Protein chains: 2
Amino acid sequence: MAQQLLQALDRAGVRLTGPRRELAHLIAQRAGHFTAADLLADAERRQLGIGRATIFRLLELLAEQNLVERVDLPDGRHAYVPCEPSHHHHLVCISCGGSSEVDDCGIDAVAAEAARRSGFEIQSHRLELFGRCPGCQSGTSPQ
Amino acid sequence: MAQQLLQALDRAGVRLTGPRRELAHLIAQRAGHFTAADLLADAERRQLGIGRATIFRLLELLAEQNLVERVDLPDGRHAYVPCEPSHHHHLVCISCGGSSEVDDCGIDAVAAEAARRSGFEIQSHRLELFGRCPGCQSGTSPQ
DNA sequence: CCATAGATGAGACTTAGTCTCATGTAGGTT
DNA sequence: AACCTACATGAGACTAAGTCTCATCTATGG
Ligand SMILES: [Zn+2]
Ligand SMILES: [Zn+2]
Ligand SMILES: [Zn+2]
Ligand SMILES: [Zn+2]
(Lines give C-alpha, C1' and ligand atoms only; values in the text may rest on other atoms or scores of the structure.)
(Ligands and ions follow the chains in the order given, each with its own letter.)
Protein backbone atom coordinates (compact mmCIF):
# COMPACT_ATOMS: atom_id res chain seq x y z
CA MET A 1 0.00 0.00 0.00
CA ALA A 2 2.89 2.29 0.72
CA GLN A 3 4.07 1.46 -2.80
CA GLN A 4 0.77 2.55 -4.26
CA LEU A 5 1.01 5.87 -2.52
CA LEU A 6 4.54 6.40 -3.72
CA GLN A 7 3.73 5.42 -7.28
CA ALA A 8 0.84 7.82 -7.32
CA LEU A 9 3.04 10.59 -6.00
CA ASP A 10 5.59 9.83 -8.68
CA ARG A 11 2.88 9.99 -11.30
CA ALA A 12 1.82 13.32 -9.91
CA GLY A 13 5.26 14.61 -10.71
CA VAL A 14 6.59 15.29 -7.24
CA ARG A 15 9.85 14.07 -5.81
CA LEU A 16 10.14 10.81 -3.97
CA THR A 17 12.12 11.98 -1.02
CA GLY A 18 13.23 10.13 2.07
CA PRO A 19 10.65 11.69 4.38
CA ARG A 20 7.86 10.95 1.92
CA ARG A 21 8.87 7.31 1.65
CA GLU A 22 8.97 6.96 5.40
CA LEU A 23 5.64 8.66 5.88
CA ALA A 24 4.05 6.48 3.21
CA HIS A 25 5.08 3.46 5.25
CA LEU A 26 3.75 4.94 8.47
CA ILE A 27 0.42 5.60 6.79
CA ALA A 28 0.31 2.10 5.35
CA GLN A 29 0.83 0.65 8.80
CA ARG A 30 -2.08 2.52 10.31
CA ALA A 31 -5.22 0.44 10.23
CA GLY A 32 -7.89 3.05 9.80
CA HIS A 33 -8.20 6.77 10.08
CA PHE A 34 -5.44 8.82 11.58
CA THR A 35 -4.80 12.42 12.40
CA ALA A 36 -1.82 14.57 11.57
CA ALA A 37 -0.90 14.31 15.24
CA ASP A 38 -0.93 10.51 15.00
CA LEU A 39 1.55 10.56 12.15
CA LEU A 40 3.67 13.09 13.93
CA ALA A 41 3.77 10.87 17.01
CA ASP A 42 4.66 7.82 14.90
CA ALA A 43 7.50 9.72 13.30
CA GLU A 44 8.82 10.99 16.62
CA ARG A 45 8.61 7.57 18.21
CA ARG A 46 10.86 6.25 15.46
CA GLN A 47 13.09 9.27 15.65
CA LEU A 48 12.85 9.91 11.96
CA GLY A 49 13.51 13.58 12.47
CA ILE A 50 10.63 14.60 10.24
CA GLY A 51 9.34 18.10 10.80
CA ARG A 52 5.75 18.98 11.55
CA ALA A 53 5.43 21.06 8.41
CA THR A 54 6.51 18.16 6.22
CA ILE A 55 3.68 16.04 7.54
CA PHE A 56 1.06 18.67 6.88
CA ARG A 57 2.52 19.28 3.45
CA LEU A 58 2.37 15.60 2.54
CA LEU A 59 -1.18 15.20 3.79
CA GLU A 60 -2.22 18.14 1.67
CA LEU A 61 -0.54 16.57 -1.34
CA LEU A 62 -2.16 13.21 -0.76
CA ALA A 63 -5.56 14.82 -0.34
CA GLU A 64 -5.13 16.73 -3.59
CA GLN A 65 -4.40 13.46 -5.34
CA ASN A 66 -7.37 11.79 -3.67
CA LEU A 67 -5.09 9.24 -2.08
CA VAL A 68 -6.45 10.11 1.33
CA GLU A 69 -9.68 11.77 2.21
CA ARG A 70 -10.27 14.16 5.04
CA VAL A 71 -12.99 13.12 7.43
CA ASP A 72 -14.20 15.22 10.29
CA LEU A 73 -14.67 13.04 13.31
CA PRO A 74 -17.76 13.51 15.46
CA ASP A 75 -15.58 15.03 18.17
CA GLY A 76 -14.38 17.70 15.77
CA ARG A 77 -10.93 16.41 15.01
CA HIS A 78 -9.68 16.28 11.47
CA ALA A 79 -8.60 12.85 10.36
CA TYR A 80 -7.54 11.16 7.15
CA VAL A 81 -8.52 7.86 5.61
CA PRO A 82 -6.52 6.12 2.90
CA CYS A 83 -8.88 6.06 -0.01
CA GLU A 84 -9.54 4.66 -3.43
CA PRO A 85 -9.69 7.67 -5.73
CA SER A 86 -12.95 6.47 -7.22
CA HIS A 87 -14.91 6.16 -4.00
CA HIS A 88 -15.92 9.09 -1.94
CA HIS A 89 -17.70 8.07 1.20
CA HIS A 90 -16.66 6.22 4.27
CA LEU A 91 -18.00 4.19 7.08
CA VAL A 92 -15.82 4.98 10.04
CA CYS A 93 -15.66 2.80 13.12
CA ILE A 94 -15.61 5.04 16.17
CA SER A 95 -14.33 2.17 18.24
CA CYS A 96 -11.31 0.79 16.40
CA GLY A 97 -10.93 3.54 13.84
CA GLY A 98 -11.24 1.17 10.91
CA SER A 99 -13.11 2.31 7.88
CA SER A 100 -14.69 0.88 4.83
CA GLU A 101 -15.88 2.47 1.66
CA VAL A 102 -19.43 3.03 0.58
CA ASP A 103 -20.20 3.13 -3.08
CA ASP A 104 -22.25 6.06 -4.09
CA CYS A 105 -25.41 4.20 -4.93
CA GLY A 106 -28.25 6.47 -4.01
CA ILE A 107 -26.22 9.25 -2.55
CA ASP A 108 -25.76 11.03 -5.82
CA ALA A 109 -29.46 10.67 -6.46
CA VAL A 110 -30.21 12.29 -3.12
CA ALA A 111 -27.84 15.12 -3.92
CA ALA A 112 -29.39 15.60 -7.35
CA GLU A 113 -32.88 15.63 -5.90
CA ALA A 114 -31.87 18.17 -3.25
CA ALA A 115 -30.31 20.34 -5.95
CA ARG A 116 -33.47 20.17 -8.03
CA ARG A 117 -35.71 21.19 -5.15
CA SER A 118 -33.53 23.92 -3.71
CA GLY A 119 -32.13 25.36 -6.89
CA PHE A 120 -28.62 25.02 -5.49
CA GLU A 121 -25.86 24.19 -7.89
CA ILE A 122 -24.07 21.53 -5.92
CA GLN A 123 -20.32 21.46 -6.23
CA SER A 124 -19.32 18.96 -3.63
CA HIS A 125 -20.75 16.96 -0.84
CA ARG A 126 -19.51 15.10 2.12
CA LEU A 127 -21.05 12.05 3.65
CA GLU A 128 -19.63 10.25 6.61
CA LEU A 129 -21.24 7.41 8.44
CA PHE A 130 -20.07 6.67 11.96
CA GLY A 131 -20.69 3.52 13.91
CA ARG A 132 -19.19 0.25 15.04
CA CYS A 133 -17.69 -2.24 12.66
CA PRO A 134 -18.69 -5.93 12.78
CA GLY A 135 -15.57 -6.82 14.74
CA CYS A 136 -16.12 -4.22 17.40
CA GLN A 137 -19.75 -5.23 17.81
CA SER A 138 -19.06 -8.86 18.58
CA GLY A 139 -15.71 -8.85 20.28
CA THR A 140 -15.82 -6.83 23.50
CA SER A 141 -12.63 -5.18 22.38
CA PRO A 142 -13.31 -1.53 21.93
CA GLN A 143 -9.54 -1.30 21.81
CA MET B 1 -35.30 34.03 15.85
CA ALA B 2 -33.22 35.19 18.78
CA GLN B 3 -36.36 34.72 20.84
CA GLN B 4 -36.66 31.12 19.73
CA LEU B 5 -33.11 30.42 20.79
CA LEU B 6 -33.67 32.04 24.16
CA GLN B 7 -36.94 30.22 24.77
CA ALA B 8 -35.31 26.94 23.95
CA LEU B 9 -32.47 27.70 26.33
CA ASP B 10 -34.97 28.57 29.02
CA ARG B 11 -36.78 25.31 28.40
CA ALA B 12 -33.47 23.52 28.72
CA GLY B 13 -33.20 24.89 32.22
CA VAL B 14 -30.21 27.14 31.88
CA ARG B 15 -30.03 30.78 32.90
CA LEU B 16 -30.89 33.57 30.53
CA THR B 17 -27.96 35.81 31.18
CA GLY B 18 -26.97 39.05 29.54
CA PRO B 19 -24.20 37.56 27.41
CA ARG B 20 -26.48 34.78 26.22
CA ARG B 21 -29.17 37.23 25.17
CA GLU B 22 -26.67 39.33 23.29
CA LEU B 23 -25.12 36.35 21.56
CA ALA B 24 -28.55 35.06 20.56
CA HIS B 25 -29.13 38.33 18.76
CA LEU B 26 -25.76 38.23 17.07
CA ILE B 27 -26.51 34.73 15.83
CA ALA B 28 -29.94 35.75 14.62
CA GLN B 29 -28.44 38.57 12.61
CA ARG B 30 -26.02 36.31 10.79
CA ALA B 31 -27.48 35.14 7.53
CA GLY B 32 -26.00 31.69 7.20
CA HIS B 33 -23.25 29.68 8.74
CA PHE B 34 -20.78 31.30 11.05
CA THR B 35 -17.72 30.28 12.97
CA ALA B 36 -16.87 30.85 16.60
CA ALA B 37 -14.38 33.43 15.38
CA ASP B 38 -17.15 35.26 13.51
CA LEU B 39 -19.22 35.58 16.66
CA LEU B 40 -16.21 36.64 18.64
CA ALA B 41 -15.48 39.36 16.09
CA ASP B 42 -19.12 40.53 16.17
CA ALA B 43 -19.00 40.77 19.92
CA GLU B 44 -15.73 42.67 19.95
CA ARG B 45 -16.90 45.06 17.27
CA ARG B 46 -19.82 45.96 19.50
CA GLN B 47 -17.64 46.09 22.56
CA LEU B 48 -19.88 43.74 24.46
CA GLY B 49 -17.00 42.54 26.58
CA ILE B 50 -17.92 38.91 26.11
CA GLY B 51 -15.11 36.46 26.75
CA ARG B 52 -13.93 33.86 24.30
CA ALA B 53 -14.82 31.02 26.63
CA THR B 54 -18.40 32.21 26.93
CA ILE B 55 -18.87 31.96 23.20
CA PHE B 56 -17.53 28.44 23.00
CA ARG B 57 -19.63 27.46 25.98
CA LEU B 58 -22.80 28.82 24.40
CA LEU B 59 -22.14 27.14 21.08
CA GLU B 60 -21.67 23.86 22.86
CA LEU B 61 -24.96 24.38 24.66
CA LEU B 62 -26.81 25.26 21.48
CA ALA B 63 -25.38 22.26 19.69
CA GLU B 64 -26.46 19.97 22.53
CA GLN B 65 -29.98 21.32 22.19
CA ASN B 66 -29.87 20.93 18.40
CA LEU B 67 -30.45 24.62 17.97
CA VAL B 68 -27.37 24.88 15.83
CA GLU B 69 -25.57 22.18 13.96
CA ARG B 70 -21.87 21.92 13.42
CA VAL B 71 -20.80 21.74 9.82
CA ASP B 72 -17.29 21.24 8.66
CA LEU B 73 -16.58 23.54 5.77
CA PRO B 74 -14.62 22.21 2.78
CA ASP B 75 -11.66 24.32 3.85
CA GLY B 76 -11.54 22.58 7.22
CA ARG B 77 -13.05 25.27 9.40
CA HIS B 78 -15.72 24.42 11.89
CA ALA B 79 -18.89 26.40 11.45
CA TYR B 80 -22.39 26.41 12.84
CA VAL B 81 -25.76 26.69 11.16
CA PRO B 82 -28.95 27.67 12.98
CA CYS B 83 -31.07 24.61 12.62
CA GLU B 84 -34.52 23.16 13.01
CA PRO B 85 -34.14 20.35 15.54
CA SER B 86 -35.99 17.94 13.28
CA HIS B 87 -33.84 18.30 10.19
CA HIS B 88 -30.32 17.12 10.00
CA HIS B 89 -28.68 17.96 6.73
CA HIS B 90 -27.76 21.16 5.08
CA LEU B 91 -27.10 22.69 1.75
CA VAL B 92 -24.45 25.29 2.35
CA CYS B 93 -23.69 28.07 -0.10
CA ILE B 94 -19.95 28.50 -0.34
CA SER B 95 -20.43 31.93 -1.84
CA CYS B 96 -22.78 33.80 0.49
CA GLY B 97 -22.75 31.35 3.38
CA GLY B 98 -26.50 30.86 3.30
CA SER B 99 -27.87 27.45 3.93
CA SER B 100 -31.05 25.55 3.48
CA GLU B 101 -32.25 22.32 4.94
CA VAL B 102 -32.56 19.01 3.19
CA ASP B 103 -35.11 16.56 4.39
CA ASP B 104 -33.77 13.10 4.81
CA CYS B 105 -35.58 11.48 1.95
CA GLY B 106 -33.31 8.80 0.65
CA ILE B 107 -30.38 9.49 2.88
CA ASP B 108 -31.53 7.23 5.63
CA ALA B 109 -32.16 4.53 3.07
CA VAL B 110 -28.62 4.88 1.80
CA ALA B 111 -27.30 4.64 5.35
CA ALA B 112 -29.41 1.58 6.04
CA GLU B 113 -28.26 -0.09 2.84
CA ALA B 114 -24.63 0.66 3.64
CA ALA B 115 -25.12 -0.79 7.12
CA ARG B 116 -26.64 -3.95 5.70
CA ARG B 117 -23.82 -4.52 3.24
CA SER B 118 -20.96 -3.69 5.54
CA GLY B 119 -22.26 -5.09 8.78
CA PHE B 120 -21.57 -1.79 10.49
CA GLU B 121 -23.93 -0.69 13.20
CA ILE B 122 -24.40 2.92 12.25
CA GLN B 123 -24.75 5.39 15.08
CA SER B 124 -24.63 8.70 13.33
CA HIS B 125 -23.99 10.19 9.99
CA ARG B 126 -23.17 13.52 8.58
CA LEU B 127 -24.13 14.79 5.19
CA GLU B 128 -23.26 18.21 3.92
CA LEU B 129 -23.84 19.49 0.44
CA PHE B 130 -21.81 22.45 -0.74
CA GLY B 131 -22.53 24.64 -3.71
CA ARG B 132 -23.98 27.93 -4.84
CA CYS B 133 -27.46 29.03 -3.95
CA PRO B 134 -29.87 30.30 -6.62
CA GLY B 135 -29.16 33.92 -5.73
CA CYS B 136 -25.42 33.51 -6.02
CA GLN B 137 -25.73 31.74 -9.35
CA SER B 138 -27.67 34.46 -11.12
CA GLY B 139 -26.52 37.64 -9.46
CA THR B 140 -22.82 38.21 -10.01
CA SER B 141 -22.57 38.99 -6.34
CA PRO B 142 -20.31 36.45 -4.69
CA GLN B 143 -20.60 38.81 -1.75
C1' DC C 1 28.73 14.88 -12.12
C1' DC C 2 26.26 19.20 -11.99
C1' DA C 3 22.77 22.52 -11.70
C1' DT C 4 18.67 23.76 -9.94
C1' DA C 5 13.91 23.55 -8.77
C1' DG C 6 11.72 21.51 -5.37
C1' DA C 7 11.71 19.70 -0.63
C1' DT C 8 13.18 19.87 4.10
C1' DG C 9 13.65 20.94 9.40
C1' DA C 10 13.73 24.36 12.75
C1' DG C 11 11.29 27.17 15.02
C1' DA C 12 8.64 31.52 15.19
C1' DC C 13 4.11 32.56 14.64
C1' DT C 14 -1.08 32.40 14.31
C1' DT C 15 -5.40 30.50 15.31
C1' DA C 16 -8.60 27.38 17.65
C1' DG C 17 -10.10 25.71 21.71
C1' DT C 18 -9.78 24.44 26.85
C1' DC C 19 -9.11 25.24 31.65
C1' DT C 20 -8.92 27.55 36.16
C1' DC C 21 -10.31 30.64 39.27
C1' DA C 22 -11.89 34.75 41.49
C1' DT C 23 -15.95 37.53 40.78
C1' DG C 24 -20.68 38.42 39.31
C1' DT C 25 -25.56 37.55 38.78
C1' DA C 26 -30.09 34.97 37.69
C1' DG C 27 -33.74 33.45 39.72
C1' DG C 28 -35.86 30.79 43.38
C1' DT C 29 -36.81 31.38 48.55
C1' DT C 30 -38.27 33.90 52.19
C1' DA D 1 -37.79 43.61 48.31
C1' DA D 2 -33.61 41.47 50.16
C1' DC D 3 -31.01 37.18 50.28
C1' DC D 4 -28.76 33.06 48.94
C1' DT D 5 -26.45 30.05 46.20
C1' DA D 6 -25.63 27.43 42.24
C1' DC D 7 -24.63 28.69 37.90
C1' DA D 8 -22.35 31.69 34.66
C1' DT D 9 -18.81 34.93 33.52
C1' DG D 10 -14.23 37.32 31.91
C1' DA D 11 -9.46 37.25 32.18
C1' DG D 12 -5.87 35.20 30.87
C1' DA D 13 -2.78 31.15 31.11
C1' DC D 14 -2.39 27.20 28.61
C1' DT D 15 -2.52 23.50 24.93
C1' DA D 16 -3.08 21.94 20.42
C1' DA D 17 -3.53 22.61 15.52
C1' DG D 18 -1.76 24.51 11.62
C1' DT D 19 0.99 27.98 8.76
C1' DC D 20 4.95 30.49 7.34
C1' DT D 21 9.79 31.80 6.49
C1' DC D 22 14.16 30.87 5.47
C1' DA D 23 18.63 28.82 5.24
C1' DT D 24 20.08 24.31 3.91
C1' DC D 25 19.70 20.06 1.44
C1' DT D 26 18.71 16.67 -2.28
C1' DA D 27 16.17 14.28 -6.15
C1' DT D 28 16.33 14.27 -10.60
C1' DG D 29 17.06 15.61 -15.58
C1' DG D 30 20.68 16.80 -18.44
ZN1 LIG E 1 -12.78 6.85 -0.16
ZN1 LIG F 1 -14.25 -1.24 14.72
ZN1 LIG G 1 -30.63 21.35 10.31
ZN1 LIG H 1 -25.32 31.95 -1.88
Side-chain angles (χ1 to χ4, degrees), chain A residues 3 5-27 33-65 67-68 70-80, chain B residues 3 5-27 33-65 67-68 70-80:
Chain A
Q3 285 316 310
L5 289 180
L6 292 170
Q7 280 171 25
L9 284 179
D10 194 21
R11 241 175 287 127
V14 301
R15 294 187 181 170
L16 294 183
T17 65
R20 286 178 178 166
R21 289 173 198 277
E22 292 168 330
L23 287 173
H25 282 97
L26 292 182
I27 291 173
H33 61 73
F34 57 89
T35 63
D38 290 334
L39 267 193
L40 191 47
D42 286 352
E44 279 179 357
R45 205 172 303 122
R46 305 203 181 184
Q47 318 217 46
L48 298 177
I50 295 178
R52 182 169 44 254
T54 300
I55 287 176
F56 283 97
R57 288 189 280 233
L58 179 62
L59 288 173
E60 193 181 355
L61 247 183
L62 294 176
E64 273 169 16
Q65 305 297 320
L67 299 169
V68 300
R70 267 260 307 272
V71 297
D72 294 291
L73 267 23
D75 67 9
R77 283 178 307 155
H78 295 156
Y80 295 84
Chain B
Q3 286 314 311
L5 289 179
L6 292 170
Q7 281 171 25
L9 284 179
D10 194 22
R11 240 176 287 127
V14 302
R15 294 187 182 170
L16 293 184
T17 64
R20 285 178 181 167
R21 290 175 198 277
E22 292 168 330
L23 287 173
H25 283 97
L26 292 182
I27 290 173
H33 61 73
F34 58 89
T35 63
D38 289 334
L39 267 193
L40 191 47
D42 287 352
E44 280 179 358
R45 205 171 303 120
R46 306 202 181 185
Q47 317 218 47
L48 299 176
I50 296 178
R52 183 169 41 255
T54 299
I55 287 175
F56 282 98
R57 288 188 281 233
L58 179 62
L59 287 173
E60 193 181 354
L61 248 182
L62 294 176
E64 273 169 16
Q65 305 296 321
L67 299 170
V68 300
R70 266 260 309 271
V71 298
D72 294 291
L73 266 23
D75 67 9
R77 283 178 306 154
H78 294 155
Y80 296 83

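These numbers come from a predicted model, not from an experiment. In what follows, chains are A, B, ... by sequence order, proteins preceding strands, each numbered from 1.
For the pair A/Arg70 (side chain) and A/Ala63 (backbone), a donor-acceptor distance under 3.5 Å is absent. No donor-acceptor distance shorter than 3.5 angstrom exists from the side chain of B/Arg20 to the backbone of B/Leu58, with no hydrogens or angles considered.
In this structure, CG of B/Leu73 is placed 16 Å from C1' of C/dT15, rounded to the nearest angstrom. In this entry the distance linking CD of B/Glu60 with C1' of C/dT18 reads 10 Å, nearest Å. Remark: P of C/dT15 and CD1 of B/Ile55 are 16 Å apart, rounded to the nearest angstrom. Rounded to whole Å, the distance from CG on B/Asp72 to C1' on C/dA16 is 13 Å. Distance CG (A/Asp75) to C1' (C/dA16): 14 Å, rounded to an integer number of Å. The interatomic distance linking B/Arg57 (CZ) with C/dA16 (P) rounds to 18 Å, in whole Å. A/Leu16 places its CG atom 16 Å from the C1' atom of C/dA5, with the value rounded to the nearest Å. Going from atom NE2 of A/His78 over to atom P of C/dT15 covers 17 Å, rounded to whole Å.
Considering every non-hydrogen atom in both A/Leu6 and A/Arg21, the closest pair reads CD2-CA, 3.9 Å. Smallest separation of non-hydrogen atoms from B/His78 and B/Thr35: O-CG2, 3.4 Å.
Backbone-only contact: B/Gly49 has heavy atoms under 4.0 Å from sugar-phosphate atoms and none from a base. When heavy atoms are screened at a 4.0 angstrom cut-off, B/Arg77 is found touching no nucleic acid atom at all.
Contacts between chain B and DNA chain D, taken as any atom within less than 4.0 angstrom of a protein heavy atom, begin and end at D/dA6 to D/dA13.
Within 6.0 Å of CD on B/Gln47 lie no more than 12 heavy atoms contributed by other residues, nucleotides or ligands.
Put simply, the side chain of B/Arg15 and the base of C/dG27 share no donor and acceptor less than 3.5 Å apart.
Across the interface with DNA chain C, nearest-nucleotide mapping of A/Gly51 and B/Arg70 shows A/Gly51 to be the residue nearer the 5′ end. Nearest-nucleotide positions on DNA chain C for B/Arg21 and B/Thr35 put B/Thr35 closer to the 5' end. Looking at which nucleotide of DNA chain D each of B/Arg20 and B/Ala53 is closest to, the 5′-most match is held by B/Arg20.
You'll find the side chain of B/Leu48 reaches within 4.5 Å of the side chain of B/Leu26, heavy atoms only. A/Leu9 has its side chain within reach of A/Leu62: a pair of non-hydrogen atoms, C-beta onward, lies under 4.5 Å apart.
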